[in-house]
Structure formats: C-alpha cells, structure tokens
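Below is one structure, written out as structure tokens, with a few remarks after it.
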Amino acid sequence: MIIKISTLSNGNHEILLEKKVKELKLDQPFVDDLILNCKVDKSDYQIVIDCKLHAVANFICDRCTADFNLTLHSDFKLVYFFDKGNIDKDNTSIRYLPDSETEIDLTKDAFEFAQFSIPMKKLCDEDCNGLCSNCGINLNEKKCDCKNEETNPVWDKLLELKDKLN
C-alpha cells in the first residue's frame, strides 16, 4: 500500500489503495480486500495523509454463536515532515521523511489500524437475544418454552438484599 509522492504535485489528492488481506499478512478474522481511501495534502514542507480504512472480518457472535461478517472502519491521520526540526517525538502520527524519499509505504499502518478496529464484543446484531441458558436454543430464531424461574442458589443472598431495599 504505497503512495508515490514523487509524482504528486503540491495540493490535495485522493488516492484509493486496495490489497488482499493475505498479501498484507492479515490472518483470521479478515477476509476479502482491505481498502484505504486516502486524502493526501502535499506542500513543500509536509505531507498530510488522512485515511479511511475499510475491511471485512468474519466473527462468531459472542451471544448466539452465529457466524457473521462485519465491515470494520478505522480513520487515521499521518503527518510527514521534510524537515527534522518540526518533529514532535511524543506524537506517533508525526514522522520525518528524508528529501530523497520517493514513496510512502502505508502497509504497516494499515495492518495496525485494521487490528485495532476489531471490536472487543463481537455481536451479529446489537439486539441479539443470544442462547437460552437452559435448552441452548438460539433465541433470535425461535422462542423456547423454558421457565426461567429457577435461580442459582449462589444469588439467594443478593435477592434477599434486593427485597429489603425495595
């Protein structure tokens, strides 16, 4: 995922980069292509790259165990200076670019931001009902006849406390 900066004139440019996830060495859960839609603003002293990443990943729902695909999105901005004097060493999105450099490789950044875009909780749908804790039926597909009146005795003391507060 390389941007050839030597061929770009000063000003704003839109660049679309697309690569197979296997070529980027992105393993499961990623499938299909990873797409970077970049807005590049080049001047004599710096290059600002504003990227929107889109990738498709295959997950198993944390509630109902259904297999589903999810399109992941991530936005990031990188600033490249041609002069070392302007570098903020604490900011990881600001980098130095030697005058002799003719291209910028965004492969590592695309890889990292794709990994960061994976959600902690993977749900097939925000309103997923999950599985019945008694019979295991997928509650998104059917209703079960289980009675959920039975509670684990571990919670009895808390239920007593709840009754006292009410």
Side-chain angles (χ1 to χ4, degrees), residues 1-5 8 12-41 47-80 90-95 103-166:
M1 306 201 96
I2 295 174
I3 296 176
K4 294 191 184 274
I5 58 172
L8 295 178
N12 294 318
H13 307 274
E14 287 209 24
I15 299 173
L16 184 68
L17 303 170
E18 191 170 341
K19 202 161 218 174
K20 298 273 183 214
V21 293
K22 289 191 190 285
E23 292 176 39
L24 294 171
K25 296 187 173 53
L26 278 169
D27 295 330
Q28 288 292 344
F30 297 98
V31 294
D32 299 330
D33 293 346
L34 184 131
I35 299 170
L36 269 183
N37 189 353
C38 300
K39 291 182 181 178
V40 180
D41 184 8
I47 296 175
V48 179
I49 304 173
D50 192 4
C51 295
K52 295 187 181 306
L53 178 141
H54 303 278
V56 177
N58 183 267
F59 297 114
I60 295 174
C61 181
D62 289 339
R63 287 189 191 153
C64 70
T65 69
D67 195 38
F68 71 101
N69 283 347
L70 180 65
T71 302
L72 303 173
H73 304 279
S74 182
D75 297 342
F76 60 95
K77 184 180 281 191
L78 302 170
V79 179
Y80 292 87
D90 294 332
N91 193 335
T92 58
S93 65
I94 297 178
R95 300 166 184 182
E103 57 190 29
I104 296 175
D105 189 355
L106 297 175
T107 305
K108 182 180 174 191
D109 298 299
F111 179 90
E112 289 176 357
F113 281 97
Q115 294 288 342
F116 292 147
S117 68
I118 297 173
M120 294 293 285
K121 188 168 205 151
K122 298 154 192 84
L123 299 176
C124 62
D125 183 32
E126 286 294 319
D127 299 324
C128 178
N129 294 315
L131 302 175
C132 174
S133 59
N134 292 328
C135 68
I137 195 167
N138 186 339
L139 297 173
N140 296 313
E141 296 169 0
K142 315 182 205 181
K143 285 195 168 231
C144 67
D145 296 327
C146 295
K147 302 284 186 210
N148 288 331
E149 296 172 10
E150 207 176 297
T151 60
N152 190 328
V154 172
W155 304 111
D156 287 346
K157 292 289 183 190
L158 284 175
L159 290 173
E160 288 173 21
L161 182 61
K162 180 183 170 191
D163 290 339
K164 285 181 185 178
L165 292 175
N166 289 334

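Remember, it's a predicted structure, so these values are computed and weren't measured experimentally. All residue numbers refer to positions in the sequence shown, counting from 1. Basis for what follows: all heavy atoms, side chains included, without hydrogens, waters or symmetry-related copies.
Considering every non-hydrogen atom in both Phe59 and Pro119, the closest pair reads CZ-CD, 4.1 Å. Nearest approach of Asn140 to Cys128, heavy atoms of both residues: ND2-SG, 3.2 Å. Between Ile5 and Glu103, the closest heavy-atom pair is CG1-N, 3.8 Å. For the pair Leu131 and Gly136, the tightest heavy-atom approach, listed with the atom from each and the gap, is CD2-O, 3.7 Å. Counting all heavy atoms, side chain and backbone alike, Leu106 lies closest to Cys51 at CD1-SG, 4.1 Å. Closest heavy-atom contact between Met1 and Lys19: N-NZ, 3.6 Å.
Taking OG1 of Thr65 as the start and CD1 of Ile60 as the end, the distance is 7.5 Å to the nearest 0.5 Å. In this structure, CG on Asn37 lies 9.5 Å from CG on Asp50, to the nearest 0.5 angstrom. The SG atom of Cys124 lies 9.0 Å from the CG atom of Asn129; values are rounded to the nearest 0.5 Å. Between Lys25 atom NZ and Glu23 atom CD the span is 9.5 Å, to the nearest 0.5 Å.
Checked by atom type and distance alone, the side chain of Asp33 never pairs as donor or acceptor with a backbone atom of Ile35 at under 3.5 Å.
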* Decide yes or no on side-chain contact (heavy atoms from CB on, under 4.5 Å) for Leu123 and Phe68, but give the supporting numbers first. => CA-CA 9 Å; Leu123 299 176; Phe68 71 101; 5.5 Å; no
* **side-chain contact (heavy atoms from CB on, under 4.5 Å) between Ile3 and Leu8, intermediate numbers included** => CA-CA 9 Å; Ile3 296 176; Leu8 295 178; 4.0 Å; yes
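The closest side-chain heavy-atom distance from Leu139 to Cys64 is not below 4.5 Å. Between Lys77 and Val48, some side-chain heavy-atom pair lies under the 4.5 Å cut-off. Proximity of Asn134 to Cys144: side-chain heavy atoms (C-beta onward) are nowhere separated by under 4.5 Å. Proximity of Leu36 to Phe76: side-chain heavy atoms (C-beta onward) are separated by under 4.5 Å at one or more points. Counting only heavy atoms from C-beta outward, the side chains of Leu34 and Phe111 never approach each other to under 4.5 Å. Residues Asn69 and Asp32 form no side-chain contact, since every pair of their non-hydrogen atoms from C-beta on lies 4.5 Å or further apart.
Residues in residues 109-126 take part in these side chain to side chain donor-acceptor pair (under 3.5 Å) pairs, two or more places apart or across chains: Arg95-Asp109. Among residues at least two apart or in separate chains, salt bridge (charged side-chain N to carboxylate O under 4.0 Å, His left out) pairs with a member in residues 51-63 are Lys52-Asp75.
The number of heavy atoms from other shown groups lying within 6.0 Å of CD1 (Ile2) is above 12. Crowding of Asp145 atom CG: a count of heavy atoms from other residues, nucleotides or ligands under 6.0 Å not exceeding 12.
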